[in-house]
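Side chains included, hydrogens not; waters and symmetry mates left out as well; all remaining heavy atoms used. Chain letters run A, B, ... following the sequence lines, proteins first, then strands; residues in each count from 1.
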Amino acid sequence: MLNAEKRKTLLLLIPVILILIGYVLYPTLRTAYESFFQNGVPTLQNYEDFFGSKAKANLQALWNSVWISLLSVLFSALIGVPLAYIFNRYEFPGRRFFSNIAIMPIVLPSLVGVMAFMFLYGEAGLIPNAIKDLLNLSEVPFKIGGISGILIVHAYTMYPYFYMTTASALSNLDPSLEEAASNLGANRFKVFWQVTFPLLTPGLVAASLLVFMVSMASFSAPFLLAGGFRVLSLQIYFSKINGDLEMAATQSVILSIVSITFLLFMRWYQGRKDYRMASKGIGAHRSEVSNPLLKWTMVTLGVIAMIVLLLPHATLLILSLVPEGTWTWQTYPTAFNLENYTMLFDTPYIWEPVRNSLIMAFIACLGVFVFGIFTSYALVKRKFVGKNLLDILVMIPWALPATVVGMNLILAFNSPNPFSFGQILVGTFWILPLAYFIRFLPLVVRSTNAVLEQLDDSIEEAAQNLGAKWFYTFRKVVIPIILPGVLSGTLLAFVQAVGEFPTSVLLYTIGNRPISIEIMNQLRMFNIGQAAAYGMIQVALIAVVMFISSRFLGVKAEKSLG
Amino acid sequence: MSTVHLSAITKQFGKVTAVEDLDLLIKEGEFFTFLGPSGCGKTTTLRMVAGFYYPTKGVVKFNDRDMTTVPPEKRNTGMVFQNYALFPHMTVFENVAFGLKVRKMSKEETKKRVEDVLRKVRLDQYVDRQVSQLSGGQQQRVALARALVIEPDILLLDEPLSNLDARLRDEMRAEILRLQKEYQITTIYVTHDQVEALTMSDRIAVFNFGKCQQVGTPTEIYNEPVNDFVAEFIGETNLLTVKEVHAGEGRRTYHADKLNGELAVKDTSLNIGGYTENDELCMSVRPEAVEVSDQPLTGANVFPGKVKMVQFTGAAVHTYVEMNDHLTLVGTALNQGPSTYLKEGADVHVRLPEDQIRIVPKAGV
Ligand SMILES: Nc1ncnc2c1ncn2[C@@H]1O[C@H](COP(=O)(O)OP(=O)(O)OP(=O)(O)O)[C@@H](O)[C@H]1O
Ligand SMILES: [Mg+2]
């Protein structure tokens with residue numbers, strides 16, 4: 001016989017499992033299934049084409065993806081770790097300000113960020129041209145594009161992962177450990193390499209795995225900058241555009257295997273006992289820099305870092321003021337006004353993508369909010385067999401590259417099935433909100449898990465003891481306590497959904513084209529100003545969300561990203 | 001108000017048996033304490049009464065109602081949690097009113113009752129405070145008020161005082177007792193502090209390894225422990241393994257190997273615990289009953305020894321006497337001034353009064 005507790009758990013799990021099976025597991029398996037067919041005949045031909053001698057391009061793309069990702073990890077670490085160390089270990093004028101600026105790259109949605117980099121450092125970029133004119137050179141001294149472009153953009157957008165983990169590890173590190181080492185006679189160098197660094201290692205490994213996964217999945221940067229260079233996530237897009245769905249499925253499977261392997265490896269790594277310390281209430285401990293030369297070097301470093309970090313944002317702002325048709329053959333833009341912004345409101349054609357994005361992101365986030373809370377509650381507060389599996393299933397959309405998620409949805413929902421209520425979803429409005437829902441579910445579940453784990457079980461028991469039924473307790477006690485954390489996760493999901501590019505580009509229709517697609521269209525028409533204005537809307541939205549989160553919800557939004 | 005009747009309760013967590021074959025009848029309005037060392041199953045038993053755990057075997061009854069599988073929200077018990085479990089997002093008023101709101105009580109009635117109970121726990125000035133802005137003792141009283149306001153049939157307290165400092169603990173002890181008497185509520189109190197148990201309870205159940213060893217009033221538990229575990233766990237005692245050698249007129253004789261001598265014990269139920277032929281036996285004598293003197297003592301059970309250490313604790317003085325290489329006995333006397341303290345190394349006589357000794361069986365494990 002099932003007792004009341006078990007019945008409740010079951011009731012809670014049924015919708016959670018149904019949705020995860022229908023919209024995560026089934027599409028993934030469907031893709032795997034399709035990859036074994038060619039023109040409706042079962043075959044291994046697709047894999048032979050991938051790995052065989054005939055089509056080198058795919059294997060080359062896989063290899064490119066891997067080494068680009070390795071280099072991205074290296075560069076991000078080289079920027080993020082020292083920056084975090086300097087900004088968190090030394091006290092000098094402006095330190096707090098600089099350390100806040102250091103996470104600014106995450107305020108830039110990837111497509112918008114890549115665009116800003118293109119106009120800053122690309123062939124026609126403002127910086128190379130400015131240097132050329134200043135020094136009277138005949139050619140631009142440098143430009144980014146292809147591999148270097150991808151790497152620079154990756155380093156810029158991904159070093160915050162290293163920065164944040166290092167900064168938080170440093171502030172959790174008990175200063176008395178380092179003091180003990182010096183007390184025992186170790187010099188500074190020894191203290192760093194033998195005490196501090198080993199204690200930072202778990203965080204650094206986790207950040208490396210994360211950056212590797214993110215850059216394997218990266219789509220916007222190669223899409224805009226790659227030129228002839230091929231990476232796997234882009235290959236999937238090209239296969240789909242060329243109508244070779246079976247090849248796209250095969251490529252997706254290969255990329256999925258890499259990503260899921262990494263997901264499992266990460267879970268294993270973080271589940272190990274590490275030497276995080278239990279000692280509480282340690283304030284970060286910073287050395288005052290007294291040597292004036294050193295001090296001002298650090299301040300200069302801070303200022304330079306700030307300029308480099310904020311240039312893309314500034315560029316975006318400036319470009320968004322350039323009206324259509326005024327910057328064509330000239331080196332620099334010539335006219336500035338607010339036309340791009342006013343057009344948003346008085347030209348329906350321009351406003352439509354913004355409205356679409358907001359509506360679709362809203363629908364997706366409503367779903368993610370409700371479903372995320374229940375899923376997370378089941379995972380954290382309920383006991384059942386197969387919990388670990390469910391947990392992995394929830395995290396799969398996070399591990400899978402967006403392009404793969406998009407492909408999975410295409411293959412699963414281009415024919416009627418029970419999960420689409422017998423409809424063909426591909427080509428309709430609903431496929432995009434569904435894609436956003438799947439993409440950002442893990443983010444909300446993770447941020448909800450974090451707050452639910454803080455919630456002592458006895459709080460719920462107390463309510464029950466006072467006579468409250470489960471659902472009443474859930475509504476009146478659990479939800480209000482966890483709401484700030486959940487809301488901040490959901491808001492973050494919302495802004496990311498508004499800017500989402502890779503799934504959008506695979507699944508959009510004319511009727512529901514979102515902002516990111518319109519940015520791409522405007523870029524194609526060389527209407528850079530309007531594209532930048534769209535970008536600015538996203539940046540502003542993210543800024544508002546981060547402000548709300550830290551001000552009213554007491555949560556640092558960037559925490560949910562890690 | 002109701003009685004609580006646990007019959008043949010066993011609770012297992014996987015392979016661990018937390019509570020084994022427990023029978024208890026807690027009377028109406030009684031202040032009943034579960035006492036025992038850590039991990040002996042006190043919390044588990046309490047949570048079965050509250051309904052958070054269902055027993056693996058056995059029946060829980062309130063009065064004559066079978067409550068074994070009734071969910072916690074339908075039991076009308078009021079529980080005070082060890083960590084208080086106050087709702088952090090609510091004020092003091094909202095916390096206390098929660099149970100009444102669930103019971104769909106009218107606004108005015110709720111307000112009246114909440115204010116009433118807050119006055120009783122002396123928190124009426126703090127009605128609108130956020131609970132995070134209260135001290136530990138105040139939070140404790142909110143938890144108590146929240147449990148009392150629903151007029152529960154049974155009040156359950158799981159080590160409610162363990163997070164408080166010594167002074168506050170004394171204060172809250174008195175407060176809990178006062179409220180319990182005022183409301184006349186059947187109360188189950190969990191603690192591993194024996195002083196708390198002895199001073200507050202009407203009756204105590206002593207647990208060890210998931211088994212209830214003895215149920216009785218504080219004086220019964222202290223003066224007539226049923227076995228060596230209870231004798232040793234409650235209060236201080238001198239324990240010696242003994243063997244019965246002779247049962248005579250009004251007195252029995254035991255041989256204690258370690259004393260290398262015979263002990264005479266009065267044959268009353270106060271001195272001789274229940275045991276059977278196969279039981280291993282122990283003699284227990286409380287330090288305050290042991291007489292230590294540098295003058296010769298008369299009567300039975302007098303043995304020579306040497307003072308090893310004299311420990312001054314304020315009200316009492318403990319004298320540790322080395323009887324031989326294997327045995328040290330403790331005698332405790334009220335402080336009567338420095339002139340009465342014995343010197344370390346002095347030869348003394350120790351008397352174990354025959355009417356103060358208790359013979360008990362060893363607890364089977
Ligand atoms: N939920 C549980 N799952 C598994 N084992 C449990 C669980 N709760 C308690 N136990 C085990 O049951 C035994 C009794 O635990 P219980 O919490 O009742 O002890 P206690 O007497 O309250 O101890 P303490 O004084 O330390 O609170 C212990 O061995 C404990 O490890
Ligand atoms: Mg306990």
Side-chain angles (χ1 to χ4, degrees), chain A residues 1-12 280-281 373 377 380-388 448 450-488 549 552-555, chain B residues 13-14 43 46-47 49-56 68-90 94-105 131-132 139 142-160:
Chain A
M1 190 197 79
L2 288 176
N3 66 30
E5 278 310 289
K6 293 230 175 82
R7 254 198 326 268
K8 257 172 241 157
T9 308
L10 199 64
L11 232 59
L12 199 64
K280 278 188 243 159
I373 289 180
Y377 182 84
V380 177
K381 296 288 180 191
R382 294 276 149 173
K383 286 204 200 84
F384 53 91
V385 280
K387 191 179 211 168
N388 225 342
T448 311
V451 281
L452 269 177
E453 274 156 13
Q454 302 286 316
L455 183 75
D456 199 307
D457 290 347
S458 63
I459 297 272
E460 263 182 274
E461 288 174 358
Q464 243 188 320
N465 176 257
L466 293 167
K469 289 219 170 52
W470 177 79
F471 194 62
Y472 188 87
T473 308
F474 190 68
R475 266 189 317 135
K476 295 285 175 151
V477 177
V478 178
I479 298 271
I481 297 177
I482 65 171
L483 195 61
V486 185
L487 265 186
S488 97
S549 288
F552 299 108
L553 305 176
V555 180
Chain B
F13 295 106
T43 300
L46 194 76
R47 289 170 66 85
V49 175
F52 296 125
Y53 293 154
Y54 297 135
T56 315
T68 316
T69 55
V70 173
E73 67 267 22
K74 301 217 178 92
R75 294 197 180 201
N76 200 36
T77 62
M79 181 145 171
V80 177
F81 290 79
Q82 184 167 358
N83 62 353
Y84 316 143
L86 298 180
F87 306 128
H89 59 302
M90 298 183 187
E94 287 164 337
N95 261 282
V96 177
F98 186 89
L100 299 177
K101 221 165 121 195
V102 173
R103 284 167 175 70
K104 305 226 158 61
M105 189 166 282
V131 288
S132 54
Q139 292 187 354
V142 176
L144 200 55
R146 188 178 67 178
L148 284 172
V149 77
I150 60 170
E151 298 181 352
D153 295 322
I154 302 150
L155 184 62
L156 306 172
L157 304 121
D158 190 0
E159 304 196 32

field: Closest approach of B:Phe87 to A:Ile459 (non-hydrogen atoms, all atoms of both residues)
entry: CE2-O, 3.3 Å
task: Please step through side-chain contact (heavy atoms from CB on, under 4.5 Å) for the pair B:Ile150 and A:Leu466, ending with a clear verdict.
output: CA-CA 7 Å; B:Ile150 60 170; A:Leu466 293 167; 4.0 Å; yes
field: Interface moiety of A:Asn465 toward chain B, non-hydrogen atoms closer than 4.5 Å
entry: both
- line: Bottom line for B:Arg146: the part with an atom under 4.5 Å from chain A's heavy atoms is both
- request: Select one option (side chain, backbone, both, neither) describing which atoms of B:Arg75 are under 4.5 Å from chain A's heavy atoms.
  value: neither
- request: Tell me, out of B:Leu156, B:Asn83, B:Val149, who's got the most heavy-atom pairs with chain A below 4.5 Å.
  value: B:Asn83
query: If every non-hydrogen atom of B:Val102 is compared with every non-hydrogen atom of A:Tyr472, which pair is closest and at what distance?
result: CG2-CE2, 3.5 Å
- prompt: Atom CD of A:Glu461 and atom CD of B:Glu73: how far apart are they, to the nearest 0.5 Å?
  reply: 12.0 Å
task: Could you tell me which portion of B:Tyr54 (side chain, backbone, both or neither) has an atom closer than 4.5 angstrom to a non-hydrogen atom of chain A?
output: side chain
message: For the CZ atom of B:Phe52 and the CG atom of A:Asp457, what is their distance to the nearest 0.5 Å?
response: 10.5 Å
message: Between A:Asp456 and B:Phe81, is the side-chain contact (heavy atoms from CB on, under 4.5 Å) condition met? List the steps.
response: CA-CA 11 Å; A:Asp456 199 307; B:Phe81 290 79; over 6 Å; no
field: Distance-minimising heavy-atom pair for B:Pro88 and A:Ile481
entry: CD-CD1, 3.4 Å
- request: Give a yes or no on this: more than 12 heavy atoms of other residues, nucleotides or ligands lie within 6.0 Å of atom NZ of A:Lys381.
  value: yes
message: Are there over 12 heavy-atom neighbours, none belonging to A:Lys469, within less than 6.0 Å of that residue's NZ?
response: no
field: Under 4.5 Å from any heavy atom of chain A - which part of B:Leu100
entry: neither
query: Counting N and O atoms only, with roles assigned by atom type, does the side chain of B:His89 sit under 3.5 Å from a partner on the main chain of A:Lys476, one being a donor and the other an acceptor?
result: yes
